[in-house]
Amino acid sequence: MDFALTPEQRDLRERVIRFARDELGAKAAEHDRDESFDRDGWKACAEFGVLGWPVPAEYGGSGHDPLTTIIACEALGYGCADNGLAFAVDNHLWACVIYLLRHGSPQQRARFLPGLVDGTLIGAHALTEPETGSDMLSLTTTAQRDGDAYVIDGVKCFISNGTVADLYVLFARTARSGPAQQALSAFLLPRDTPGLEVRRAISKAGLRGTPMGELRLTGCRLPAGNLLGAEGAGYRVFTSVIEWERGFMAAGQIGRLQRLLETSVAYANDRTQFGVPIGAFQAVSHRLADLRVNLELARLMLYKVGWLKREGRIALLEASILKLFAGESLLEGALAAMRVHGARGYVADLPIEREVRDALAAPTFGGTSDIQRTIIAGLTGLPEGSHGA
């Protein structure tokens, strides 16, 4: 197997890192403190082409293949000091744009993709509800067909990009009976749809540059042309796309893990105690060695997922393995970096403390680590339920 990047991929990676370092993240601490969205950074990402990396040129995108796109996303996570902005980009691409690319009609793509690529539209994913969490088949939001429209009622919460989004991929129940897997449908919901209310912003511990919100839909009348895929196919739409979200969002996490390693190694070499650099102590060096091992293994799985998707193959198992390992490795790596930095890692005026808070949710969003273990166990051949006890 050839693990070398092509010259074009190496050039793209270097350009993305330079762009992210030069034009993004200068006000990361401010956006974290104020829980504010970096619209200037969003505009810069659009102008650089970030928002169109996987999108065909006919819609204004770059048309990169999946492996090249995943390499670029890793570089963005590595170079961008504002993890909240990078996470907002991830949600836009892998929880909204990818749905249009995979399941949108030609009319839907022509209507929405150009704006999603040029940054005039921000995308979000409206699935989670207050009582259902990861149990998609139990969601209670309803969409009743009424002539040439659907009337939607319900509440969605913990929606990343929720308060700033212009377009939501929304899931609702369109059948009252029958198999649960055939009762759900997916919709493209513009923010200005009558009956849609962004009720509140939700404060959170980390990734505070990605606004989180709650949506209420009350008699929300949506044209039938905004149905994404066929009626009743919402569960199939979701399961066909979730491997992209889980796999490709891990790219930025792995970029951040490399940044944490490099920052910690530099500090361990410069900081002296008892007359020697602290990196000479096994308590420090072994911790960073473990971080390096996790980084290398996560990157191998990341590129495997990118390669599988480039080849048009299913990567459900690999994406869950990657999601589990990368998310937990990032949290473990951030805590290791805090311990290496000592008191300097804990104080709020230095970025390590923010890196830890930003990493806290990595094992949770996109399906918790326990959900990934359940998926992996099932795809390994264990009987349903045996791994849930």
Side-chain angles (χ1 to χ4, degrees), residues 27-39 41-42 80 82-97 99 121-136 138-141 152-172 186-193 195-218 220 238 242 245-246 249 252-253 256 323 327 330-331 334 348 353-371:
K27 296 182 178 180
E30 177 182 324
H31 289 296
D32 174 73
R33 183 189 65 238
D34 299 338
E35 299 189 66
S36 57
F37 180 63
D38 184 0
R39 290 192 177 274
W42 184 265
C80 179
D82 189 341
N83 301 322
L85 174 62
F87 187 61
V89 169
D90 279 339
N91 277 277
H92 173 88
L93 286 174
W94 309 117
C96 182
V97 171
Y99 279 89
L121 297 179
I122 299 173
H125 187 254
L127 172 66
T128 306
E129 298 180 356
E131 302 301 326
T132 59
S134 297
D135 186 4
M136 178 186 185
S138 297
L139 64 81
T140 60
T141 296
I152 305 176
D153 293 277
V155 175
K156 299 291 184 179
C157 67
F158 308 130
I159 307 304
S160 296
N161 291 355
T163 61
V164 296
D166 305 287
L167 180 68
Y168 305 89
V169 174
L170 176 130
F171 290 84
F187 299 89
L188 297 169
L189 178 68
R191 186 189 181 103
D192 60 2
T193 304
L196 170 62
E197 175 191 4
V198 180
R199 294 186 66 192
R200 65 187 179 101
I202 299 174
S203 184
K204 56 189 190 296
L207 297 172
R208 291 154 67 94
T210 301
M212 178 180 281
E214 180 177 288
L215 313 179
R216 177 175 289 278
L217 302 101
T218 307
C220 186
F238 174 81
I242 190 60
E245 177 182 343
R246 289 172 178 161
M249 278 192 175
Q253 296 177 358
R256 289 161 58 190
K323 167 70 174 66
L330 177 60
L331 179 54
E353 177 266 349
R354 187 173 70 248
E355 292 282 358
V356 172
R357 287 189 289 105
D358 288 344
L360 289 173
T364 301
F365 59 70
T368 66
S369 289
D370 289 333
I371 289 292

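Residues take their numbers from the sequence shown, with the count starting at 1.
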(message) According to side chain to side chain donor-acceptor pair (under 3.5 Å), does anything in residues 156-167 pair up with another residue at least two apart or in another chain? List the pairs.
(response) Glu129-Lys156
(message) Measuring from atom OG1 of Thr210 to atom CD1 of Ile159, what distance do you get when rounded to the nearest 0.5 angstrom?
(response) 13.5 Å
(request) With side chain to side chain contact (heavy atoms under 4.5 Å, CB included) as the test, would you mind laying out the steps for Ile122 and Arg191 before giving the verdict? (result) CA-CA 10 Å; Ile122 299 173; Arg191 186 189 181 103; over 6 Å; no
(request) For side chain to side chain contact (heavy atoms under 4.5 Å, CB included), just list the numbers for Leu127 and Met136, CA-CA rounded to whole Å, side-chain angles, deciding distance to a tenth of an Å, and then say yes or no. (result) CA-CA 8 Å; Leu127 172 66; Met136 178 186 185; 3.8 Å; yes
(request) Would you indicate whether the side-chain heavy atoms of Arg208 and Ser203 approach each other to under 4.5 Å? (result) yes
(request) Grab the two heavy atoms, one from Gly367 and one from Arg246, that are nearest each other, plus how far apart they are. (result) CA-NH2, 4.1 Å
(request) First locate atom CG of Leu170, then atom OG1 of Thr141, and finally report the distance between them rounded to the nearest 0.5 Å. (result) 6.5 Å
(request) Please round to the nearest 0.5 Å and tell me the distance separating atom CD1 of Ile152 and atom CG of Leu215. (result) 11.5 Å
(request) Output the distance between atom CG (Leu188) and atom OH (Tyr168), rounded to the nearest 0.5 Å. (result) 13.5 Å
(message) Could you work out, with side chain to side chain donor-acceptor pair (under 3.5 Å) as the rule, every residue matching Thr368, not counting sequence neighbours?
(response) none
(request) Check whether more than 12 heavy atoms from other residues, nucleotides or ligands sit under 6.0 Å from atom CD of Glu30, and answer yes or no. (result) yes
(request) Side-chain contact test, heavy atoms from C-beta onward, threshold under 4.5 Å: evaluate it for Leu217 versus Val155 and give yes or no. (result) no
(message) For the NZ atom of Lys204 and the CD atom of Glu35, what is their distance to the nearest 0.5 Å?
(response) 6.5 Å
(request) Could you walk me through whether Phe158 and Ile202 pass side chain to side chain contact (heavy atoms under 4.5 Å, CB included), step by step? (result) CA-CA 7 Å; Phe158 308 130; Ile202 299 174; 3.9 Å; yes
(message) Restricting to non-hydrogen atoms, name the atom on Arg354 and the atom on Ala28 that form the minimum distance, rounded to 0.1 Å.
(response) NH2-CB, 3.7 Å
(message) If the condition is salt bridge (Lys or Arg N to Asp or Glu O under 4.0 Å), which residues does Arg200 pass it with, not counting sequence neighbours?
(response) Glu214
(message) For Asp38, is there any backbone N or O sitting under 3.5 Å from a side-chain donor or acceptor partner on Lys27?
(response) no
(message) According to ring pair (Phe, Tyr, Trp, His ring centres under 6.0 Å), who are the partners of His92, at least two apart in sequence or on a separate chain?
(response) Trp42
(message) Contact between His125 and Phe171 at the side-chain level, heavy atoms closer than 4.5 Å - yes or no?
(response) yes
(message) Would you compute the distance between atom CD1 of Ile242 and atom OH of Tyr99 and round it to the nearest 0.5 angstrom?
(response) 5.5 Å
(request) Under the side chain to side chain contact (heavy atoms under 4.5 Å, CB included) rule, what do Cys220 and Leu189 come out as? Steps first, then yes or no, please. (result) CA-CA 10 Å; Cys220 186; Leu189 178 68; 3.9 Å; yes
(request) Search all heavy atoms of Ala165 against all heavy atoms of Ala124 and return the closest pair with its distance. (result) CB-CB, 3.6 Å
(request) Output all residues satisfying ring pair (Phe, Tyr, Trp, His ring centres under 6.0 Å) with Phe365, sequence neighbours left out; order by chain, then residue number. (result) Phe87
Using residues 357-364 as the side-chain source, report each donor-acceptor pair under 3.5 Å to any protein atom, sequence neighbours left out, with the distance given to one decimal.
residue	atom	partner	partner atom	Å
Arg357	NE	Glu353	OE2	2.7
Arg357	NH1	Asp32	OD1	3.2
Arg357	NH1	Ala205	O	2.7
Arg357	NH2	Asp32	OD1	3.4
Arg357	NH2	Asp32	OD2	2.7
Arg357	NH2	Glu353	OE1	3.4
Asp358	OD1	Leu207	N	2.6
Asp358	OD2	Asn83	ND2	2.9

(message) Using every non-hydrogen atom in the two residues, find where Gly209 and Phe37 come nearest and quote the distance to one decimal.
(response) O-CD1, 3.6 Å
(message) Does any part of the side chain of Asn91, heavy atoms only, come nearer than 4.5 Å to the side chain of Met249, both counted from C-beta?
(response) yes
